[in-house]
Amino acid sequence: MYNFKEVEKKWQDKWYAEGTFNAKNDYSKEKWYGLIEFPYPSGQGLHVGHPRSYTALDIIARKRRMQGYNVLFPIGFDAFGLPAENYAIKNHVHPKITTEKNINHFREQLKSIGFSFDWSREVNTTDPNYYKWTQWIFIQLYKHGLAYKATMPINFCTGCKVGLANEEVVNGVCERCGSPVVQKEKSQWMLRITKYAQRLIDDLDDVNFLDKIKAQQINWIGRSEGAEVNFKISGTDDNLLIYTTRPDTIFGATYMVVAPEHSLIEKYKDRITNLDEVEEYKKKAALKSDFERAELNKEKTGVEIKGIKAVNPLTNEEIPIWISDYVLITYGTGAIMAVPAHDTRDFEFAKKFNLPIKQVIKDKNSENESNELEEAFTDVNNGIAINSDFLNGLASKDAINKAIEYIEEHKLGERKVNYKLRDWVFSRQRYWGEPIPMVYCEKCGWVPIPEEKLPLKLPDVEDYEPGENGESPLAKHEEWINTTCPHCGGKARRETDTMPQWAGSSWYYLRYMDPHNDKELASKEALEYWSPVDWYNGGMEHTTLHLLYSRFWHKFLYDIGVVPTKEPYAKRTSHGMILGSNGEKMSKSKGNVINPDEIVDEFGADAFRVYEMFMGPFDQTAPWSMESIRGCMKFLDRVWNMQDFLVDGDEYSEKFEKMMHKAIKKVSSDIEEMKFNTSVATFMTMVNEFYKEKQINKAEFATFLQLLNPFAPHMTEELYQKIGGTEELAYKAWPTYDEAKTIEDEIEIPVQIKGKVRATITIMKDEDEEKVKEKAKEAVASQLEGKKIIKEIYVKNKIYNIVIS
RNA sequence: GCAGAUGUGGCGGAACUGGCAGACGCACAGGACUUAAAAUCCUGCGAGGGUUAAACCUCGUGCCGGUUCGAUUCCGGCCAUCUGCACCA
C-alpha cells in the first residue's frame, strides 16, 4: 500500500535541504525562465486556484530541467496591500507581523505540494532590500519626467477612504470593499504611462501572448484615430476645440456639447445668460459617481449654454453649445461636435431636446433615402457622404481622409490619435505600501531622496487609520514627515502617500534574476542571461493591468539602459478559474471553499497535482469534484502496484513498444500545448494496458515514471529508486521517441456507404488501393447487391466510402 | 452596445488538417474475492428499435439552413451562458 505521507515528506525534505531545483549560476548553459504570478499572502492561506497555475508551470519547468536547460523557476510574495492593513486597523496587529505569519504559512503550503521552486531566490515586496529598488525605479521615472504631481479628480472610495485607480473601480464601487466611489479633487503622484501607449500596442507583435490577452491589452489602451477641429465661438477670436473620429460627418454637426467640467463656462460666465442654470447642472453632475454618470439606458440630461454660440467651420452655420455629462472631461478635449444623424448618443440627446438632425451619410445598401431617420446611422463600412459639399459621393473611409486633409489645409485642426488609457494614479493614502521617496521643500519644490539613502524605510507606527479627509496615516507622524531638503539643506516635508500594490509586482521578475544584489536591482550579467521571462502564466484577472503596468516599467527601464529587452515576457498564458463543486465561484459566504491543506492531507500532493491537471482544459474554468480527485488517487495507487508485476528488460517489449513511443510523443507535445488533461488520460490508458497483461518491464516502467514525474514527482522518484534507478528523475534526460515506431502497421479503417459506416476492415499501412478496394467491397457486398456504384472515395489509411444510387 | 470565449452522455471532458462521435475519469449496475463491509480486480454503461443472445437498423455534438461522398470540425443566420470593457465622440 502506497504511503504518500511518508514518501512525499521524504522527497520534499531532500529537495529543499539540497536545493535540488535551484537555478545554477552557470551562464554558459542554455537557460529557461518560467514565471508564475507571485501570491499575495492572505490570511486565508493558499487557494486551490494557485496550484493550478503553479503545477502547470512546475510541469514545464521540470520537463525543461530534464531537457538540459538551466531553469529559473522562482517564487516570492507580493505582500504589501490592503487586507493586512485593514486587519491591522481592526485588530491592532502590525501588518509586518501578520504578513510574516502568512508568508510562513504559504511557504509551508507551497512546499507541501512539491513545487520545484528555487527557494533561495524568494523575494518579498515588503522587504526594505526589495523596495529599495522599487523606490529607485520611481526616482528614475521622476528624473525622466514620467512621474509628476497633479491635482485631479480621482476616484475616492468612501469605505477604504483611499484614492483608487480607474481599474480598481468596478461597477461604481470599490473593487476591494464594495463601498460607493465618489469623485474627489486630490494632489496625486501620476505616472505618464500614456507616453508609452503606442509602444505598448506595437510591441505586442513581438511577443507570444494568447490572442485574447493581446486583444484585452489593445482594448484597454483604446487607440482611436480622428481629428481635432476648432469651432469658432461667435463674436470672439476664441475657438472650442473638439475631437472626433468621424470628421466626415462634420456637415451634420448641428450643435456642440462640452463636459460639465469644461473651462469654457468659467471663461465666458459674463456672457452666459443662464449661468445659474448651468452652474446648477455642473453641481449636480459633480455629485454623481462615475457609475451613475455612465449607467446605460439612462436618460440623457443637459442644459443649453445661452449667450454663446459656435460656428460650424464647414457650413458656417451658427450652432448652439450645450453642457451635458455624457461628454467626459477626461477623454479627448472634453468637448464634441454633435452629429445626431450619425452618432447614437447625439441622436438620443437631439431627440430629447428637439435639436435638428441633419443626415449627411446614406447607407449604400439601402435604396430608399427616407427623410426621417429611425436611429443614427453609424456604420463606417457602408456609408456614402451626402449633403456634404466636397465629400459627396465618397465612401465614409475616404471621406474621413478627405475631410482631414481639408481641415489641415485650412488650418481648422489636425489629424489626431487618442487613447482611452489615462496616466496611472500612483499615490495611495495608506500605510502598508512603499513610501514614495520624495520630499517637498518650499524653495526647491519636489526633490527625490538621494539614491544612496535608499531604502526610505516605512516607519513603525501604531495608528494605521487614514485621516478623515483621506490623508495618509503617515501624515499624522510629524517626526517622520519633517526632514531636510537634500538639495538646499533647508526644512522640508516628506511625501506621506505610499505606492499602490501594483508597484512591487511591476518588476519582481527582474529581482529574481539576482535577488541578493545590494548594488543594483540586478547585475548586468544576470539580466543579460535570464531575460526575458520565457513563459509567464497567471490569472486572466491580471492580463490587463498588471501586465500593462509591468510592460510599461520594463520599457522605461529598457530606455534608460537597465534591462536588455524591450518586452519582459516572451510568452504569456492564462489558466481558467476553479469553481466550487456547485459550479459557482468559491467564496466563504457560499461555503464552497476547498482548502488545499485538507486535500493534500487526505489524497496526497501528487494526487492533488494530477487532479488539478486532469480536471479539464487548462485555460477554461472547471468545477471542483471530490469524486474525481479520488479517481486520481486510485490511478496513482495502480501505478504504485505495478511493481508487483515488474519483470526484467532493458528494452521495450514488443507488446508495448508502439505504445511507449506514442506516449512519449503525445505527452511531450501535450505539455508544450498545456493540454495536461489529455496527458493524464494517456497515463491512465497506459496503466490500463499494463494491467491487462499484468506485466511491465524495467525499461517501460522507467520511461513511464519519467513521463509522469513532472505531474507526480514524489511517487515517481520513490518508485524509480525502488526499481533500481541510481540518479534522480529530476535531472534524468527526457525520453525520446522514434517517429517510425509510433505508426501502426495494421490499421482498421471504416467502410462507408454514402458517408455512413457499414463495416470496418483491417488493412496494412499504405496498402495498395486496389487491395483495399477489394476488401472494402467484400465487407459490404450484401449491401451493394443490385445497386449501381456512382463514386468511390479512398482516403489513404483513413476511410473507404462508396456512393451508390 | 463592443470585444473575446463556450455550448458534446447522468457529470468532468476527448476527437490530429473535414474521415468510425463519446478517449480518459467520475457516478451507476452486475460479477469475483470476503463471514460481511471497505479496498481491490473483472465486465457493462448515449437514446430508441430489434434479437433467446447477437448481428443489425434509426436518431444523436445548442437551434435553423448551406457546402461536401462525408460536418462536433467549414460557411450563413439565430439562441443561450460566461468573461472583460462600456456614454471613449
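Every chain is numbered from 1, with letters handed out A, B, ... down the list of sequences.
Here the nucleotide nearest the side chain of A:Thr245, chosen from B:A89, B:G19, B:G4, is B:A89. Side-chain proximity of A:Val757 to B:C69, B:C20, B:A89: nearest is B:C20. Side-chain proximity of A:Phe614 to B:C26, B:G12, B:G19: nearest is B:G12. Of the listed nucleotides (B:G4, B:C59, B:G19), B:C59 has the atom at the smallest distance from the side chain of A:Lys756. The nucleotide whose nearest atom lies closest to any side-chain atom of A:Tyr326 is, among B:C57, B:C87, B:C20, B:C87. The side chain of A:Trp220 sits closest to B:C85 out of B:C87, B:G19, B:C85.
A:Lys300 forms no cation-pi arrangement with A:Phe349, by the criterion of a distance under 6.0 Å to the ring centre and an angle within 45° of the ring axis.
Within 4.0 Å of A:Lys754, counting heavy atoms only, lie sugar-phosphate atoms of the nucleic acid but no base atom. Looking at heavy-atom distances under 4.0 Å, A:Thr344 makes no contact with the nucleic acid at all. No engagement by A:Thr682 is indicated, since no non-hydrogen atom pair under 4.0 Å with the nucleic acid exists. Residue contacts for A:Thr685: at a heavy-atom cut-off of 4.0 Å it reaches the sugar-phosphate backbone alone, with no base atom in range.
One can place CZ of A:Phe676 at 17 Å from C1' of B:A14, the figure rounded to the nearest angstrom. The CE-C1' distance, from A:Met684 to B:A14, rounds to 13 Å in whole Å. Atom C1' of nucleotide B:A3 and atom CE of A:Met540 are separated by 11 Å, given to the nearest angstrom. Rounded to whole Å, the distance from CD1 on A:Ile250 to P on B:A89 is 16 Å. Residue A:Ile221 contributes atom CD1, which lies 18 Å from atom P of B:A3 at whole-angstrom precision. Between the NZ atom of A:Lys662 and the P atom of B:C16 there is a distance of 15 Å, given to the nearest Å. Between A:Tyr611 atom OH and B:G12 atom P there is a gap of 11 Å when expressed in whole angstrom units. Taking atom CD of residue A:Gln217 and atom P of nucleotide B:G84, one finds them 16 Å apart after rounding to whole Å.
A:Phe676 CZ to A:Ile59 CD1: the interatomic distance, rounded to the nearest 0.5 Å, is 5.0 Å.
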So what's the dot-bracket for RNA chain B: Watson-Crick or G-U pairs under 3.5 Å, [ ] if a pair crosses, | if it pairs off-strand?
(((((((..(((......[....))).(((((.......))))).((((......))))..(((((..]....))))))))))))....

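The base of B:G12 does not come close enough to the side chain of A:Glu627 for any donor and acceptor atom to sit less than 3.5 Å apart.
Taking the ring centroids of A:Tyr611 and A:Trp624, they lie under the 6.0 Å cut-off. Proximity of the aromatic rings of A:Phe711 and A:Phe614 is defined here by a centroid distance below 6.0 angstrom, and this criterion is not met.
A:Asn537 and A:His575 are linked by a side-chain donor-acceptor pair at a separation below 3.5 angstrom, with hydrogens and angles left out of the test. Side-chain contact annotation: A:Tyr243 with A:Ser224, donor-acceptor N/O pair under 3.5 Å present.
Annotation: A:Asn381, atom CG; neighbour count of heavy atoms from other residues, nucleotides and ligands within 6.0 Å is above 12.
A salt bridge does not link A:Glu225 to A:Lys416: none of the charged nitrogens lies less than 4.0 Å from a carboxylate oxygen.
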